[in-house]
Amino acid sequence: MSSYQESSTDDAGDVIPSSTTRTKILIVEDNDLNRQMLDDYLSFCGYEILSLADGTCFFQKMAEFQPQLVLLDLKLPDIDGYSLLEKIQQRNDWRHLPIFVVSAFAFSADQQRALRLGAKRYFVKPVNLTELKQAISKELSAFNQ
């Protein structure tokens with residue numbers, strides 16, 4: 001398997017960098033429309049995206065994809081996001097990875113619990129995409145320093 005990856009060009013002829021140079025974001029969201037919207041928007045913003053509909057293979061995909069940031073829904077069909085947050089905190093290699101919770105749970109107790117379990121930010125659905133993009137950019141800048 002070659003590590004070579006081609007760059008492509010858009011309609012204006014600008015070179016779009018290969019995926020090896022783009023920041024990777026893992027999205028874990030069971031709602032198809034929400035997942036696709038986040039995937040499309042963040043891909044358009046230049047991020048490399050991997051989207052999961054559930055947490056079944058979360059840790060396998062984390063190891064393979066090696067994201068720089070995770071967007072995590074709390075209510076998943078097979079495991080809740082709180083459990084994933086707890087398990088991430090038990091892993092030394094991932095405990096400092098920025099995780100943003102994106103959830104319909106709007107109660108303060110839900111937000112506090114997620115933040116206590118290691119989430120860096122908490123967004124209540126429907127998400128303001130501009131605010132999300134700014135928060136991602138800010139978090140990745142701080143994380144990479």
Side-chain angles (χ1 to χ4, degrees), residues 1-8 10 15-145:
M1 185 159 139
S2 170
S3 63
Y4 173 78
Q5 296 202 354
E6 292 184 31
S7 294
S8 59
D10 65 11
V15 174
I16 300 170
S18 69
S19 62
T20 57
T21 61
R22 295 189 297 164
T23 299
K24 296 178 179 183
I25 298 176
L26 175 64
I27 299 170
V28 186
E29 167 63 63
D30 64 322
N31 180 284
D32 292 338
L33 292 174
N34 289 341
R35 187 176 59 256
Q36 191 62 52
M37 177 201 56
L38 290 169
D39 189 313
D40 289 349
Y41 179 72
L42 293 173
S43 293
F44 175 78
C45 291
Y47 296 106
E48 182 177 351
I49 305 299
L50 176 64
S51 299
L52 303 177
D54 57 46
T56 304
C57 56
F58 176 79
F59 291 102
Q60 175 188 346
K61 295 300 180 184
M62 284 278 289
E64 293 171 2
F65 187 61
Q66 297 183 1
Q68 282 88 23
L69 188 135
V70 175
L71 298 180
L72 177 65
D73 187 12
L74 291 177
K75 189 173 191 264
L76 299 168
D78 54 343
I79 186 171
D80 68 43
Y82 296 120
S83 296
L84 289 176
L85 282 168
E86 288 174 344
K87 290 179 181 183
I88 290 167
Q89 290 306 306
Q90 295 169 4
R91 299 270 315 248
N92 286 334
D93 51 342
W94 294 334
R95 72 177 332 147
H96 299 293
L97 181 70
I99 300 172
F100 289 4
V101 169
V102 180
S103 177
F105 297 155
F107 293 110
S108 177
D110 294 310
Q111 294 177 26
Q112 290 171 4
R113 181 177 177 199
L115 294 170
R116 251 191 338 270
L117 291 172
K120 299 289 184 194
R121 296 285 304 263
Y122 194 104
F123 290 89
V124 177
K125 297 175 188 175
V127 176
N128 178 313
L129 293 176
T130 302
E131 288 178 16
L132 178 64
K133 179 185 171 192
Q134 290 171 346
I136 289 170
S137 179
K138 183 177 177 181
E139 185 65 37
L140 291 172
S141 293
F143 185 70
N144 291 326
Q145 289 181 357

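Basis for what follows: all heavy atoms, side chains included, without hydrogens, waters or symmetry-related copies. Keep in mind it's a predicted model, so treat the numbers as computed, not measured.
Of the possible donor and acceptor atoms, one in the side chain of Arg35 sits under 3.5 Å from a partner among the backbone N and O of Glu29. Between the side chain of Lys61 and the backbone N or O of Leu52, no donor-acceptor pair lies under 3.5 Å. Remark: side-chain polar atoms of Asp78 are paired, donor with acceptor, to backbone N or O of Gly55 under 3.5 angstrom.
If you take CD on Gln36 and OH on Tyr41, they are separated by 15.5 Å, rounding to the nearest 0.5 Å. To the nearest 0.5 Å, atom CG of residue Leu115 and atom CD1 of residue Ile99 are 11.5 Å apart. Separation of atoms NZ (Lys24) and CG (Leu42) is listed at 15.5 Å; rounding is to 0.5 Å. Taking CZ from Arg116 and CD from Glu86, the interatomic distance works out to 10.0 Å, rounded to the nearest 0.5 Å. With rounding to the nearest 0.5 Å, the separation of CG in Leu71 from CZ in Phe123 is 8.5 Å. Rounding to the nearest 0.5 Å places OG of Ser137 at 5.0 Å from OH of Tyr47.
Here Lys87 pairs with Phe59, Ile79 under the side chain to side chain contact (heavy atoms under 4.5 Å, CB included) rule; sequence neighbours left out. Legend: residues meeting side-chain hydrogen bond (donor to acceptor under 3.5 Å, both in side chains) with Thr130, ordered by chain and number and at least two apart, are absent. Residues satisfying the side-chain hydrogen bond (donor to acceptor under 3.5 Å, both in side chains) test with Asp39, not counting sequence neighbours, are Ser43, Ser51.
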Side chain to side chain contact (heavy atoms under 4.5 Å, CB included) between Phe100 and Val127: does it pass, once the steps are laid out?
-> CA-CA 12 Å; Phe100 289 4; Val127 176; over 6 Å; no
Apply the test side chain to side chain contact (heavy atoms under 4.5 Å, CB included) to residues Lys125 and Asp73: give CA-CA distance (whole Å), side-chain angles for both, the deciding distance (0.1 Å), then the verdict.
-> CA-CA 10 Å; Lys125 297 175 188 175; Asp73 187 12; 3.4 Å; yes
Would you check, one step at a time, whether the test side chain to side chain contact (heavy atoms under 4.5 Å, CB included) holds for Leu50 with Ile27?
-> CA-CA 6 Å; Leu50 176 64; Ile27 299 170; over 6 Å; no
Test log, rule side chain to side chain contact (heavy atoms under 4.5 Å, CB included), inputs Leu72 and Val102 | CA-CA 6 Å; Leu72 177 65; Val102 180; over 6 Å; no
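In this structure the side chain of Thr23 never reaches within 4.5 angstrom of the side chain of Leu69, judged on heavy atoms. In this structure the side chain of Val101 reaches within 4.5 angstrom of the side chain of Leu85, judged on heavy atoms. Annotation: side chain of Ile136 is in contact with side chain of Ile25 (closest heavy-atom distance under 4.5 Å). Side-chain atoms of Phe44 and Ile49, non-hydrogen and from C-beta on, never get closer than 4.5 Å to each other. In this structure, Leu132 and Asn128 have side chains that are not in contact, with every pair of non-hydrogen atoms separated by 4.5 Å or more. When side chains are defined from C-beta on, Met62 counts as touching Val70, because their heavy atoms get closer than 4.5 Å. Inter-residue side-chain proximity for Leu76 and Leu84 is flagged as met; some heavy-atom pair is nearer than 4.5 Å.
Between the side chains of Gln60 and Glu64, at least one donor N or O lies within less than 3.5 Å of an accepting N or O.
Nearest approach of Ala53 to Pro77, heavy atoms of both residues: O-CD, 4.0 Å. Residues Leu97 and Pro67 share a closest heavy-atom pair of CD1-O, 3.2 Å. Scanning all heavy atoms of the two residues, the minimum distance from Gln68 to Arg22 falls at OE1-O, 4.4 Å. Pairing each heavy atom of Gln89 with each of Gly118, the nearest pair is NE2-CA, 3.7 Å. Between Phe65 and Glu48, the shortest heavy-atom contact is CZ-O, 3.6 Å. Nearest heavy atoms, Cys45 versus Lys133: SG-CD, 3.6 Å.
Note on ring orientation: taking the six-membered ring where Trp is involved, the planes of Tyr82 and Phe105 are parallel (angle under 30°, cut-offs 30° and 60°).
Sparse packing is recorded around NZ of Lys138, with 12 or fewer heavy atoms of other residues, nucleotides or ligands lying under 6.0 Å away.
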